[in-house]
Amino acid sequence: EDGIRDTSVTGVQTCALPISGMVLLAISLYLFSRLTETSNFWSLLPAMITGGFGMAITMTPTTAAAMSAVARDKAGVGSAVLNSMRQVGGSLGIAVMGAIVASQSSSWLRAGHPRKEAFLHGLHESLLVASGIAIVGAEVAVSTVRKPRHHGHPSDHDYQPAVAPE
């Protein structure tokens, strides 16, 4: 296989990028879960940078791997399915996190805790669950992400030029 098919634009193995990105995302979510009601912008910045970098190095190689698994003539369908699944995953993630926040906040309110404290507890719990899910995502990537195979691309040994030389 040539280097282009096995590595990203930067030359890093493509399977390492989504795994590293999911770990960085988990770290970011954990950092967010440590925030308090007195946290300021500078408290948020490390988590935002870590999460942004993690998402950036996860999404591009994941998209490349998914699209390389689809025949070239089915690229439109593959892209549509990929984008639909991202939308469904994002919506499901928000719903699950919202349910955890609501459940945990309610239980703390019933126990007599102040509203701010109850909300932060619920938020922290949901972020810790999301961080755990990101770690599971990294483990899934370790076991399932393979080197992309570019369907529709001729290999070097069976390449035929479009026009025969004279």
> Within a strict 4.5 Å, meaning less than it, do heavy atoms of the V129 and M97 side chains meet?
Replying inline: no
>> Restricting to non-hydrogen atoms, name the atom on M22 and the atom on T58 that form the minimum distance, rounded to 0.1 Å.
In response: N-OG1, 3.4 Å
>> Using the rule side chain to side chain contact (heavy atoms under 4.5 Å, CB included), only one of E125, E117, H124 pairs with H121; which is it?
In response: E125
> Between the side chain of S126 and the main-chain N/O of I100, is any donor-acceptor distance below 3.5 Å?
Replying inline: no
> Are L25 and L127 grouped together when hydrophobic residues (ILVMFWY) are joined by side-chain heavy atoms under 4.5 angstrom apart?
Replying inline: yes
>> Run E37 and F119 through side chain to side chain contact (heavy atoms under 4.5 Å, CB included) and show every step you take.
In response: CA-CA 10 Å; E37 60 184 89; F119 173 76; over 6 Å; no
>> Tell me whether M67 shares a hydrophobic cluster with V77, the cluster being built from Ile, Leu, Val, Met, Phe, Trp, Tyr side chains joined at under 4.5 Å.
In response: no
>> Check for me, please, whether W108 and L120 land in the same ILVMFWY cluster - side-chain distances under 4.5 Å, paths through other members count.
In response: no
>> I'd like to know whether L24 forms a side chain to side chain contact (heavy atoms under 4.5 Å, CB included) with S28, so could you lay out the CA-CA distance, the side-chain angles of the two residues, the decisive distance to 0.1 Å, and finally the verdict.
In response: CA-CA 6 Å; L24 286 173; S28 170; over 6 Å; no
> For A118 and S105, which heavy atoms make the closest approach, and how far apart are they?
Replying inline: O-OG, 3.2 Å
>> Quick check on the hydrophobic clustering: are F41 and L123 connected, directly or via other members, by side-chain heavy-atom contacts under 4.5 Å?
In response: yes
> Distance-only, no hydrogens or angles: does the T144 side chain make a donor-acceptor pair with backbone N or O of V140 under 3.5 Å?
Replying inline: yes
>> Restricting to non-hydrogen atoms, name the atom on V70 and the atom on G78 that form the minimum distance, rounded to 0.1 Å.
In response: CG2-CA, 4.2 Å
> Stepwise, does the side chain to side chain contact (heavy atoms under 4.5 Å, CB included) test hold for S39 with L44?
Replying inline: CA-CA 7 Å; S39 297; L44 292 168; 5.7 Å; no
> Given the rule that I, L, V, M, F, W and Y join up when any side-chain heavy atoms are under 4.5 Å apart, are L128 and I27 in one cluster?
Replying inline: no
>> Run L17 and T60 through side chain to side chain contact (heavy atoms under 4.5 Å, CB included) and show every step you take.
In response: CA-CA 9 Å; L17 290 173; T60 303; over 6 Å; no
> Would you say S107's side chain and Q104's backbone share a donor-acceptor pair under 3.5 angstrom?
Replying inline: yes
> Are a donor atom and an acceptor atom from the side chains of R86 and S91 found within less than 3.5 Å of each other?
Replying inline: no
> Does S68 reach the main-chain N or O of A64 with its side chain, forming a donor-acceptor pair under 3.5 Å?
Replying inline: yes
> Are any side-chain N or O atoms of S131 and backbone N or O atoms of A26, one a donor and one an acceptor, separated by less than 3.5 Å?
Replying inline: yes
> Below 4.5 Å, heavy atoms only, C-beta onward: do I57 and S20 meet side chain to side chain?
Replying inline: yes
